[in-house]
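This is the structure, below, for whatever I ask next.
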Amino acid sequence: MKATFLLLAAIGAQACQRDRASRSHSQPFVKRQTSNATFPPVLDANEQILIDSFDNTSISTWSYYYTHGDHIAGRNKTIAQWTADKWTEYGFTSRLDEYYVFLNYPVSNSLVLTYPNGSTYKPTLREAVLAEDDTTSYPNSIPSFHGYSFTGNASAEYVYVGRGQQVDFARLVALGVKLEGKIALAKYGGPFRGLKVKNAQDYGMIGAVIFTDPGDDGNVTEVKGFAAYPNGPARNPSTIQRGSVEFLSVYPGDPTTPGYASKPDSPRADHGKVTPKIPSLPISWAEAQPLLQALNGHGPSNASVNRTGWTGAISGVTYSAGPSSNATLFLSNVMNDTYSTIWDAIGVINGTSQDEVVIVGNHRDAWIIGGAADPNSGSAVLIELAKAFSKLAETGWKPVRTIVLASWDAEEYGLVGSTEWVEEHIPWLKNAAVSYLNIDVAVSGPIPAISATPDLHAISTALLKKIVYPYRNSTTSTLYDVWEHEDGKVGVLGSGSDYTAFLHRGIASIDVGAEGGPNDAVYPYHSNYDSYHWMATYGDKGFLTHKAIGQYFTLLLYHFVNDATVPLEPAGYVPELHKYLTALNATVSASNYTIDLSPLTKAISTFDSFVHDFEALRSQALKSNDTALLTVQNHKARDFSRGFASQGGLPTREFFQHTIFAPGRDTGYAPVTFPGVTESITFDKNATLAQEWVGKTAKAILVAASILKT
Ligand SMILES: *[C@@H]1O[C@H](CO)[C@@H](O)[C@H](O)[C@H]1NC(C)=O
Ligand SMILES: *[C@@H]1O[C@H](CO)[C@@H](O)[C@H](O)[C@H]1NC(C)=O
Ligand SMILES: *[C@@H]1O[C@H](CO)[C@@H](O)[C@H](O)[C@H]1NC(C)=O
Ligand SMILES: *[C@@H]1O[C@H](CO)[C@@H](O)[C@H](O)[C@H]1NC(C)=O
Ligand SMILES: *[C@@H]1O[C@H](CO)[C@@H](O)[C@H](O)[C@H]1NC(C)=O
Ligand SMILES: *[C@@H]1O[C@H](CO)[C@@H](O)[C@H](O)[C@H]1NC(C)=O
Ligand SMILES: *[C@@H]1O[C@H](CO)[C@@H](O)[C@H](O)[C@H]1NC(C)=O
Ligand SMILES: *[C@@H]1O[C@H](CO)[C@@H](O)[C@H](O)[C@H]1NC(C)=O
Ligand SMILES: *[C@@H]1O[C@H](CO)[C@@H](O)[C@H](O)[C@H]1NC(C)=O
Ligand SMILES: *[C@@H]1O[C@H](CO)[C@@H](O)[C@H](O)[C@H]1NC(C)=O
Ligand SMILES: *[C@@H]1O[C@H](CO)[C@@H](O)[C@H](O)[C@H]1NC(C)=O
Ligand SMILES: *[C@@H]1O[C@H](CO)[C@@H](O)[C@H](O)[C@H]1NC(C)=O
Ligand SMILES: [Zn+2]
């Protein structure tokens with residue numbers, strides 16, 4: 001899934017919702033003199049083989065295959081087997097791992113707006129068929145709907161609720177707007193869509209309609225003079241964002257098997273804890289316009305509501321909250337609730353050290369026939385990556401560590417394929433997993449972006465310097481130069497893609513991709529226009545960004561499975577922990593609670609000192625060529641972050657175990673740091689609980705430290 005709108009909040013997780021307007025991409029790119037890197041980058045012989053193996057034409061061929069058939073979760077075994085077969089062709093031992101999971105599929109839906117004189121407006125809930133874009137006219141095109149949405153009808157007045165965060169609803173209640181029994185009209189952006197529906201439900205509302213707003217499209221809009229897709233890079237007005245409405249921040253995965261793998265005979269829990277009990281529909285901005293206009297001048301104005309992200313850019317709309325007794329909606333959503341087999345393709349090359357495993361994953365399922373960016377830009381890259389390793393293997397090279405390639409199914413419904421797989425393999429993963437490397441949307445625009453656990457910061461930024469950037473001054477630029485110019489920060493992992501289950505079991509993780517800035521073509525996320533034609537025309541003409549990101553991701557994997565020293569740097573946590581502590585201290589001050597943070601200060605200091613001991617031993621092992629000692633240090637680097645996930649689950653959500661970062665309870669995508677402490681303050685408003693979590697978090701840091709020490 002992974003919504004790639006540009007970053008709004010200060011902490012930069014790639015998978016979070018982003019506000020395109022925050023990028024400075026309009027400035028001409030000039031290479032900064034900060035990286036000291038030689039140009040062109042110096043590569044060793046193996047790196048050169050891997051890099052040279054990458055071919056944009058074959059990536060385009062893989063992309064074309066993936067994006068010309070129905071591959072929604074659980075409905076296409078052929079494409080899973082094709083993936084496994086390609087990996088087999090390139091020397092991996094491949095198989096399909098099956099799970100039997102709860103899913104639902106659209107049957108029918110409708111929406112009717114009724115005006116006081118009895119006249120009606122009926123949105124089509126469909127995207128325009130475009131002659132230029134072949135897959136938009138496929139007879140088996142997938143309609144617009146919300147995955148895991150509730151089957152039901154709702155008929156009522158409606159209220160515009162902004163981006164649908166809890167604070168938006170609270171603000172409306174404070175302004176005297178009656179929400180109970182009404183339908184919510186919410187804007188995309190900000191929190192994960194499932195949480196918008198959850199919040200509406202929690203406030204007693206009986207249905208939800210969620211629309212895309214061109215105000216989130218940065219500079220590339222029709223109003224600002226750009227033609228709409230397919231004639232130009234602006235958003236086609238009929239674009240609809242599909243997507244899951246699972247309550248992702250409570251737990252991901254099959255909602256009927258929390259904490260264990262879904263097999264045909266598995267016991268099933270009630271899914272109602274993490275799926276909505278009110279119906280919802282997604283809608284385009286063009287078809288939302290009459291609904292919003294009917295609220296103009298009714299209820300609190302946008303200025304009196306005064307909430308972040310409230311006012312969009314749809315013409316003729318004042319973004320008044322409503323309701324209006326003169327406008328009612330009838331909403332109907334019919335889904336087929338069912339259990340389906342899903343297929344995770346898995347490809348393995350055993351390393352010489354089989355107790356050290358690196359997992360590389362991308363999801364394969366898409367909401368539409370296309371999926372050229374989400375997720376199949378990543379799928380195409382993984383085929384090309386496998387091909388590159390087969391070229392390297394021809395020289396006799398073998399990995400030290402085991403490589404596991406994964407093509408996950410049902411990510412879009414709620415990270416289902418990866419979560420079930422982790423739940424099935426957890427004892428082995430806890431022992432052997434060195435890292436999980438994720439590539440979901442490899443390309444939706446030209447700017448590289450990475451989010452990772454802090455132990456991956458050093459290797460992931462260093463390798464950006466080894467790849468030539470294919471555009472804008474490519475004779476002198478590397479991915480690093482562009483990344484550094486645009487943002488230059490490794491994001492904090494929240495959620496929204498398949499690293500989640502790994503991360504929350506204490507496995508070092510990274511999420512890699514490239515995305516657009518405010519002056520790039522608007523990425524039609526989760527719509528019919530996320531197609532091969534869009535990609536080849538606007539997203540990545542010539543597939544050169546695919547190639548560059550693929551080369552980068554391949555070198556990352558190569559160093560993880562090749563280098564004598566596991567390229568994880570526990571020291572990366574030290575400055576990050578200090579940063580998070582400063583932020584927490586500010587949160588505590590703003591809350592007026594008295595909370596003693598000194599256990600955290602002390603734990604970080606102990607961690608820091610044990611990291612130094614670890615580094616000293618590791619250099620000694622390298623200097624004396626003591627392979628047994630080096631193996632011990634490698635295992636410490638592999639294992640220490642399990643300590644961060646050692647204190648049981650976070651308050652109200654036991655799935656999420658990482659005490660240092662987690663998706664916010666009311667954001668779903670965007671991360672919260674020291675989540676146990678922070679959310680005890682901001683959500684539970686319970687100083688006792690916050691203090692308890694200071695203790696647990698400090699203890700987790702000490703467990704991590706002790707693994708480095710022993
Ligand atoms: C949008 O375009 C305007 C006018 O061309 C420019 O001044 C501004 O910097 C652009 N915004 C961004 C975020 O690049
Ligand atoms: C390309 O990079 C060089 C060296 O950094 C710089 O002098 C030049 O202005 C750049 N050209 C463009 C078109 O950005
Ligand atoms: C670049 O090299 C100079 C001299 O070796 C050094 O002082 C500086 O810290 C380096 N800068 C970076 C960003 O590595
Ligand atoms: C499965 O997906 C592939 C690739 O997109 C496609 O060629 C094939 O037609 C799909 N199968 C079905 C039954 O839709
Ligand atoms: C809107 O809210 C911000 C902070 O949330 C506040 O600083 C500002 O004064 C408010 N504006 C109005 C007009 O109430
Ligand atoms: C409803 O519409 C009628 C006539 O169109 C108008 O007189 C009345 O004020 C409207 N009511 C509300 C609450 O807007
Ligand atoms: C619902 O899905 C089942 C398969 O799980 C299928 O047999 C049935 O025909 C579907 N029903 C509708 C109404 O689509
Ligand atoms: C890889 O190792 C596993 C576990 O040790 C073993 O079962 C499997 O047969 C090996 N695969 C190959 C291709 O050697
Ligand atoms: C928190 O901030 C206060 C001042 O605002 C400072 O005195 C204290 O040392 C800080 N505590 C930590 C743990 O950073
Ligand atoms: C903290 O205390 C100040 C001053 O008493 C007050 O204005 C503010 O609203 C309080 N903040 C919270 C979150 O309770
Ligand atoms: C290090 O030890 C290994 C065997 O343990 C040996 O093959 C290698 O040549 C040694 N390297 C150096 C630099 O001594
Ligand atoms: C606050 O948290 C403590 C510790 O978990 C718990 O015992 C207490 O019941 C909580 N208080 C409230 C008001 O929920
Ligand atoms: Zn995705």
Side-chain angles (χ1 to χ4, degrees), residues 1-5 14-17 66-67 70-75 100-109 140 142-143 145 147 151 162 165 167-168 170-171 174-175 192-193 241-244 246 248 252 264 300-311 333-342 361-368 370-382 406-419 438-444 449 451 494-500 511-515 523-527 530 535 539 590 668-669:
M1 56 180 89
K2 186 162 121 170
T4 50
F5 304 99
Q14 194 199 353
C16 74
Q17 291 277 10
Y66 277 117
T67 55
D70 176 355
H71 52 301
I72 197 167
R75 273 213 307 231
Y100 192 66
V101 304
F102 174 68
L103 293 174
N104 66 11
Y105 300 103
V107 177
S108 64
N109 57 25
N140 60 342
I142 297 153
F145 75 107
T151 292
Q165 280 202 280
V167 279
D168 295 311
R171 178 73 184 140
L175 290 168
F192 181 73
R193 72 184 79 63
Q241 182 191 134
R242 293 155 188 75
S244 171
E246 187 173 38
L248 193 65
S301 69
N302 59 340
S304 57
V305 176
N306 188 25
R307 278 284 309 140
T308 314
W310 185 273
T311 305
N333 184 51
V334 182
M335 299 290 295
N336 188 2
D337 288 2
T338 178
Y339 287 88
S340 301
T341 301
I342 60 167
N362 157 258
H363 74 92
R364 189 184 62 249
D365 63 305
W367 288 122
I368 57 258
D374 186 2
N376 301 122
S377 54
S379 318
V381 160
L382 277 203
S407 168
W408 311 118
D409 202 350
E411 186 266 4
E412 290 292 2
Y413 278 80
L415 322 178
V416 177
S418 59
T419 302
N438 193 57
I439 190 156
D440 181 336
V441 182
V443 181
S444 63
S451 299
S495 186
S497 195
D498 291 306
Y499 55 79
T500 308
D511 188 31
V512 168
E515 58 197 25
Y523 164 46
Y525 175 62
H526 285 185
S527 96
D530 181 4
M535 184 61 80
Y669 293 120

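Throughout, numbering of the chain's residues begins at 1 and tracks the sequence. Just so you know, ligand 1 is whichever comes first in the structure, and atom 1 is the first atom listed for that ligand.
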Q) Backbone or side chain, does E412 get an N/O/S atom under 2.8 Å to the Zn ion (ligand 13)? A)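 Checking E412: none of its N, O or S atoms is under 2.8 Å.
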
Q | Within-cutoff protein neighbour (heavy atom, under 4.0 Å) for atom 4 (C) of ligand 5 | A | no

(Q) Any heavy-atom pair between the side chains of N362 and V381 that's under 4.5 Å? (A)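 They are not in side-chain contact.
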
Q) By atom name, which N, O or S atom belonging to H363 lies closest to the Zn ion (ligand 13)? A) NE2

Q. Should the pair R75 and Y105 be classed as cation-pi, given the thresholds of under 6.0 Å to the six-membered ring centre and 45° from the axis?
A. yes

Q) Under the 4.0 Å line, does any protein heavy atom show up next to atom 7 (O) of ligand 5? A)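 Protein heavy atom within 4.0 Å of atom 7 (O) of ligand 5: absent.
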
Q) Going by atom types alone, do T311 and N302 pair a side-chain donor with an acceptor below 3.5 Å? A)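 T311 vs N302: donor-acceptor pair found between side chains.
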
**Q.** Protein heavy atom at shortest distance from atom 12 (C) of ligand 7
**A.**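 Scanning the protein heavy atoms, the shortest distance from atom 12 (C) of ligand 7 goes to N336 ND2, 3.2 Å.
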
Q) Got a protein heavy atom sitting under 4.0 Å from atom 14 (O) of ligand 5? A)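 Yes, there is one.
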
Q.
What I'd like to find out is whether the side chain of W408 reaches to under 4.5 Å of the side chain of I342, using heavy atoms alone.
A.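 Answer no - side chains too far apart.
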
Q: Report yes if T338 has an N/O atom closer than 3.5 Å to an N/O atom of ligand 7; otherwise report no.
A: yes

Q. Would one find an N, O or S atom of D374, in either backbone or side chain, under 2.8 Å from the Zn ion (ligand 13)?
A. yes

Q) Would you say F145 and M335 make side-chain contact, with heavy atoms under 4.5 Å? A) yes

Q: Would you indicate which of N306, V167, V305, T308 comes nearest to atom 10 (C) of ligand 5 when only heavy atoms are counted?
A: N306

Q: Kindly give the atom name of the N, O or S atom of D440 closest to the Zn ion (ligand 13).
A: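 It is OD1, the N, O or S atom of D440 closest to the Zn ion (ligand 13).
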
Q) Below 4.5 Å, heavy atoms only, C-beta onward: do Y523 and D530 meet side chain to side chain? A)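 Contact flag for Y523/D530 side chains = yes.
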
Q.
Do D440 and H363 pair up side chain to side chain, a donor and an acceptor below 3.5 Å, judged on atom types alone?
A. yes

